[in-house]
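Numbered from 1 within each chain, the chains take letters A, B, ... in sequence-line order.
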Number of protein chains: 2
Amino acid sequence: MGASSGLNYQPLYKQIKSLILQRVIDGNWSPGEALPSEQQLGKEFGVSQGTIRKALDEMTAENIFIRKQGKGTFVSQHSAARSLFHFFYVVSNDGKRVLPDSKVIGLTRASANKQEQNRLKLKAGDKVIRIKRVRFLNDKPVIVELISLAVKVFGDFLKKEEIPNTLYELYESQYDVKVLKAVERLKAVKLKKEDASLLGMKAGAPVLEIDRLATALDTRPVEWRLSFVDTSDYYYLSELT
Amino acid sequence: MGASSGLNYQPLYKQIKSLILQRVIDGNWSPGEALPSEQQLGKEFGVSQGTIRKALDEMTAENIFIRKQGKGTFVSQHSAARSLFHFFYVVSNDGKRVLPDSKVIGLTRASANKQEQNRLKLKAGDKVIRIKRVRFLNDKPVIVELISLAVKVFGDFLKKEEIPNTLYELYESQYDVKVLKAVERLKAVKLKKEDASLLGMKAGAPVLEIDRLATALDTRPVEWRLSFVDTSDYYYLSELT
DNA sequence: GAGTGGTCTAGACCACAAT
DNA sequence: TTGTGGTCTAGACCACTCT
């Protein structure tokens, strides 16, 4: 296998996996596009189909690819439905998942503050775009969201009116940023006065604060999102395994 | 493979998996015990080592087994550390995980109320055990917990003084109940007056409510737990993938 | 050295989708 | 019928652990 002697041993399929991952990061295949067949990839890399399979197995588990029996292996793609299932854990009290609507109420550009520098790994002076929006579930305002994006990643951004509901779709199609993982930190806090009217609640009411950092394929942090959720009629779902 | 004709097709390794799972449920092997080697299991079931491996792969991913290269495959076991990592998502603001202490302040037996009947799938009149305790992180009271257990599963329970800190270890070793999954529903609520003094907070302060239902290997719901967390110095961690 | 899990291969066959 | 992913096998060899 040519790798080496004891210390840095990496199984073949792991090495193949890195190579394939790099191709995805490089944009070798577009989201939604089919990869070459496992047999072809095997020939190309000089390994057996089983080894390719094991590499693709792991990457499929990581939501990088989607397999369709009889059709092929495809680069995964964000869609409204996928965003809903993978990155939206607010569920109605009766257990039903609801697709939120959004209304953008602010879009500004500024120098990153300390928190943004910390979370997005920016330097003092780096610029960010800030989006503030309200999300509606069943036509009721339920979530206030503050979103921060690094200008150096996203460049100039859309006009307020053009910002779509499902941002991760946009990041992927327009900015070549594929969000695959996010870490959320949850707290119960008092609703701020400035957000009270947006949610139709009293200032000081308990709301769920969700502090989310989303990272791209190459593990760069790309979006920081601070949400405040009215959990009277909804809850946040977490499955432990 | 003898299975059948198109409709109910189950791959061999899935069938093997069911058989092995049933053996674990039946207590064929104890927690911490080693299974026969993959080769031996292969002979026993009349399949290749690769097929056994694929079954064990999935079960290892489900935390039913733990593999140790060079040693064998073992039935997983709850331990304080494992409980901490798999079932305790409250993390200090600086990101460090802390093992909680507990103080039991109530242990009663009663007929299941509506919520308990619903969650634990009990009938009217079925008995439950209720435990109330306070959990400390770094010697500070942070969580109030209300735990409900079905008497028909756990029978008579320990004395208040004998209840250990990590319950899932106890369920497994004493009651043959292996908790592998749990679903948590999170909300932000006002701290109740009766719990205020326990956490050293004011009544009405925002706290994180965690409604957890834990299920056993055989998918029975076995424990319902309602927690109220002071998230001033801690947060709830959720990783989305 | 013996035993266990972990990797890798080459080849066969099955299930599914498209044509 | 063809091509794709999905399953299964038998055998080889590697890495790790214990004696």
> Under 4.5 Å between any side-chain heavy atoms of A/S148 and A/L120, yes or no?
Replying inline: yes

> Is there a residue in residues 40-68 of chain A whose heavy atoms reach under 4.0 Å of DNA chain C, and which residues are they?
Replying inline: A/V47, A/S48, A/T51, A/K54

>> Given the ring of B/F136, does B/K103 sit roughly above its face, with NZ or CZ under 6.0 Å from the centre of the six-membered ring and within 45° of the axis?
In response: no

>> Just to verify, what does A/R119 make a side-chain hydrogen bond (donor to acceptor under 3.5 Å, both in side chains) with, not counting sequence neighbours?
In response: A/D211

> Listed by chain and number, what are the side-chain hydrogen bond (donor to acceptor under 3.5 Å, both in side chains) partners of A/T215, not counting sequence neighbours?
Replying inline: none

Nearest whole angstrom, please: distance from the [atom2] of [N] to the [atom1] of [X].
{"X": "A/I16", "N": "C/dG6", "atom1": "CD1", "atom2": "C1'", "answer": "17 Å"}
{"X": "A/Y9", "N": "D/dC13", "atom1": "OH", "atom2": "C1'", "answer": "10 Å"}
{"X": "B/E38", "N": "C/dG6", "atom1": "CD", "atom2": "P", "answer": "6 Å"}
{"X": "A/Q39", "N": "C/dA12", "atom1": "CD", "atom2": "C1'", "answer": "12 Å"}
{"X": "B/L12", "N": "C/dA15", "atom1": "CG", "atom2": "C1'", "answer": "15 Å"}
{"X": "B/L35", "N": "C/dT4", "atom1": "CG", "atom2": "C1'", "answer": "13 Å"}
{"X": "B/Y13", "N": "C/dC14", "atom1": "OH", "atom2": "P", "answer": "18 Å"}
{"X": "B/K14", "N": "D/dG6", "atom1": "NZ", "atom2": "P", "answer": "12 Å"}

> side-chain contact (heavy atoms from CB on, under 4.5 Å) with B/S102: which residues, sequence neighbours excluded?
Replying inline: B/R133, B/R135, B/N165

> If you measure only the distance, is there a donor-acceptor pair under 3.5 Å linking the side chains of A/N93 and B/K187?
Replying inline: yes

> Looking only at heavy atoms, what is the nearest atom pair of A/F65 and A/T73, with distance?
Replying inline: CB-CG2, 3.8 Å

Please write out the pairs of protein N or O atoms and N or O atoms of nucleotides 17-19 of chain D separated by less than 3.5 Å, giving the distance to one decimal.
residue	atom	partner	partner atom	Å
D/dC18	OP1	B/K71	NZ	3.3

>> Going by side chain to side chain contact (heavy atoms under 4.5 Å, CB included), B/Q49 matches just one of B/Q40, B/Q39, B/K43, B/K54. Which one?
In response: B/Q39

> With sequence neighbours excluded, what pairs up with B/Y175 under the ring-ring contact (aromatic ring centres under 6.0 Å, His included) test?
Replying inline: B/F154, B/F157

>> OP1 or OP2 of D/dG3 versus the side-chain N and O atoms of A/S37: is any pair under 4.0 Å?
In response: no

